[in-house]
Structures are given as structure tokens and as C-alpha cells.
Amino acid sequence: MPLGILSGPPAFRDRLYVGRPNVGDRTAFLSRINDMLDRGWLTNDGPFVQELERRVAAYVGVRHCVAMCNATVALEIAIRALELSGEVIIPSYTFIATAHSLQWQQITPVFADIDADTHCIDPGVIEQMITPRTTGIIGVHIWGQACDVDALAEIASRRKLRLMFDAAHAFGCTHKGRMIGNNGDAEVFSFHATKFFNTLEGGAVTTNNDELAAKMRLMRNFGFSGYDNVVYVGTNGKMNEAAAAMGLTNLEAVDQFVEINRRNWDFYRAGLAGIHGLSLFSYPERDRNNFQYVVVAVDADTAGLTRDELVSVLWAENVIARKYFWPGCHRMEPYKSLYPHAGLLTPVTEKVAQRVMLLPTGASIDATTIDIICEKLRVAVSRAADVRAMTRQRID
Ligand code: T4K
């Protein structure tokens, strides 16, 4: 039953999704696809991939960009190229790919808690998790906001650990005035369709380490060094030319994407103001963010409704809000069975994961739509008891 009957605005007819792709100039993209077909070079380090790597490296201000087929494989390759083994410390509050990229290679992800304000890994808890088997730390720049890079670098250097970053959310973002992509031994971007900057599917590792970059280039191509000569265990991590064509097109529009996202975020800030129990995650002005994520924390005691109840209300209204990254990696398999007590060390993760929901943004959403979404939330919270009864009925 739509919430509209509680005298709020009517339900949307079409579904509104989190993660709608940002797409640049369609004509430019199709013209590149034509070039690709005319050339008959579809993948394997083609000219578009090489151009994209050069342009991304210049944009990020980093020595090397190694393009890959997606960020999960990019994480796996970076982890292997850095020779991580044993245990690696990561936050539990991240997309499951961060943990899986280690477990896939028989490396144990050790789940650290996060900071309640930034949602990023808390450097204060890391020291106690280091054991003789620990070889590295992977920080995740959640919501495009840099984690405490300096504190992590200090710990890594003192304890002789490798440090890399899952920067899947952070393309176009800065840390202390410098583009993310330059920190630690390596940083990994996702260029998935849902990301701020997409290549359909894709990802990249950026690094200022020449040797590491060369190694990852070989590893993404089965370990081939020239024809008929394999020098490493490798995999197929190559980006194809159609993906790179999309990347080149979208790279020309990144400023526009930020502008749209920023505008939407401001509309949400105005629209959500004064709704009891709902707080919009804000990005510190000192750094540049891509505003790809509209993150709202629900305080159930004040709102009168839990995050899950609000999400089901929105779904009933065709607003497909998401509960990223609930319930936390440590509560998903195989980690849940392997480390049943991991939750004891991650109280902040548990709390944040229960409260957060993401709302739709991007070019397909305008001010009027955002107003209506906010109004739906306002009506739901102001009539929490009725809504709770209605959502219970729906569930029953
Ligand atoms: N590290 C972190 C911190 C990450 O967040 C991710 C990926 C990775 C690593 C790994 O990166 P990749 O290997 O994927 O490059 C989605 C994305 O598939 C995933 O890339 C992303 N994080 C994650 C946060 O979100 P799901 O399982 O939520 O996808 P799905 O199919 O439910 O789609 C999400 C939303 O996007 C839906 O509301 C529909 C919309 N959508 C999706 C696609 C694919 C569209 O509107 N159009 C589309 O083409 O994981």
C-alpha cells in the first residue's frame, strides 16, 4: 500500500534507483565505438585503453594507471603484486569485494571497526589487530571521503606493513588537496556502471611505484611478457576497448557529473532539514568530493521508525533506497561462520550498518523528484505510528 494514502504525495510510477549510471556525450561514445569497429581492435591493451590510462593518470596526477576489467580483479591483482599473505586488516563496513579479494587468495581479512563520523576504518583500533601474520592494511575511502591516510601510513611504516586503498567510491575526490589515487603503495578505483565515473564495467590501480605498475600490467595479461613468454602467474584482468571508449567519453564530463550530484545533495539537505531522526551525511568542505552518495542515517528512537521500515516505505513508493553496507562483511558468508565473534570488535560498524540508507541521485533525478522523496520521508516520520502499522501489515 503506497504511503500516498497518508496524505503525502502520490507514489512514483517508475522506479527511482540508487546507482543510475552517469553517461556523457552519447554521440561521442558511439563515434568511438565506430572507430573501434573500423579498427578491428577490441581488447588486449588497445589504443582506447592506453589513452584512458594516460588521461586518468594525468587527471589523478599519478605516475601509473593500470586499467582492469573491474575493481574486484584490480584489488586481487594489486594484493598479489604487493605479495600480501597471511592476514590483512580491512574495515568490515565496505562492499563485500574488499574482503573477497583477499579470501579468494587464501588471505585472511581481519575486520577492523570504523569511525562513527567518517564511516572509514578507525586507525585507533588497528594496532591491537596486528599479529605476526599481518602483512598489510587496506583502507576504504567510503562515500568518496578519504580515510585517515596519514595515521594509516604511520602505522604501516612503523609496523613494516604494506598499505593500499580501496578507492572504489573516490574517483575525482581529494585528500588534503591532492587527488585520491596517490596514497599508499597503490589505490584501486571501480569504474562500474553505478560509480561516479564508469566504463560500463571496469576499474584501475593507480600507483607511483614503477616496478609495481609493470608487474600488474603483466599480471592482468596472464603474466605474458611479450609473445610466448610467461613470467608470473597471471589472470585475465584486461579492460576492453568498448569500456575504455565509455571511459574516455565520461572523463570529458566528470565536472558536469559533480555539479549535478552536488546540486542534488544540496536539494536533499534542504528537503530533509527538520525531519526528526534523519541526518544527511555531509562531506567536509576542505576536500573535493564527487557527491555520488546521498547517505542518510536514521535514528529510530527519534524518527519513530527504523531504517528498515523507512526503506520499505520508500520501496512501496517506487523509491529503491539501498542499505549499503548492511549487515557488514563480518556478518556475511563465509566470514560469519569463520569468525562468529567478529561483531564484538566492530560495535560502530554494527550501529552504522543498521542506520544508513542511500537515496537516489545523479542526472536522472531533479529538484522536484527530490522534493517529493523528502516529503514522503517527512510524512512517514510525522505519522510514524500509522506507517509502522501499515508496514507491519505489508510484512504480515
Ligand atoms: N570496493 C567497494 C568499496 C565497492 O563499493 C565496490 C563495488 C567494489 C570494491 C568492487 O567494484 P567492481 O568490481 O564492481 O568494479 C553495486 C555494484 O555492482 C558494485 O560495483 C558496487 N561496489 C556496489 C556498491 O553496488 P549491487 O549488488 O548493489 O548492484 P545492483 O545490481 O543491485 O545495482 C545497484 C543499483 O544500481 C540498483 O539500484 C540499480 C542501479 N543500476 C545498476 C546497474 C548495473 C542501474 O541503474 N544501472 C545499471 O546498469 O552492487
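Read the numbers this way: they start at 1 and go in the same order the structure lists the ligands and their atoms. This one's a predicted model, so the numbers in the text were calculated from it and none came from an experiment.
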Inventory of protein N or O atoms under 3.5 Å from ligand 1 N or O:
unit_1	atom_1	unit_2	atom_2	d
ligand 1	1 (N)	Asp166	OD1	3.2
ligand 1	1 (N)	Asp166	OD2	2.6
ligand 1	5 (O)	His169	NE2	2.9
ligand 1	11 (O)	Ser190	OG	3.4
ligand 1	13 (O)	Ala71	N	3.4
ligand 1	13 (O)	Thr72	N	3.0
ligand 1	13 (O)	Thr72	OG1	2.6
ligand 1	15 (O)	Ala71	N	3.0
ligand 1	15 (O)	Ser190	OG	2.8
ligand 1	18 (O)	His192	NE2	3.3
ligand 1	20 (O)	His192	ND1	3.4
ligand 1	22 (N)	Lys195	NZ	2.7
ligand 1	25 (O)	Tyr324	OH	3.3
ligand 1	28 (O)	Arg322	NH2	3.0
ligand 1	28 (O)	Tyr324	OH	2.5
ligand 1	32 (O)	Arg322	NH1	2.8
ligand 1	36 (O)	Val18	O	3.0
ligand 1	36 (O)	Gly19	O	3.4
ligand 1	38 (O)	Val18	O	2.6
ligand 1	46 (O)	Arg20	NH1	2.7

When you measure from the centre of the six-membered ring of Tyr232, is the NZ or CZ of Arg80 under 6.0 Å away and within 45° of the axis?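 Judged by the rule, Arg80 and Tyr232 form no cation-pi pair.
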
Give a yes or no on whether a salt bridge exists between Lys323 and Asp308, defined as a side-chain N under 4.0 angstrom from a carboxylate O. yes

Between the side chains of Asn70 and His192, does any donor sit under 3.5 Å from an acceptor? no

Do the side-chain N and O atoms of Asp366 and Thr369 include a donor-acceptor pair separated by under 3.5 angstrom? yes

Is any side-chain heavy atom of Thr361 closer than 4.5 Å to a side-chain heavy atom of Trp265? no

Met179 vs Val62 side-chain heavy atoms within contact, under 4.5 Å: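 Sidechains of Val62 and Met179: no contact.
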
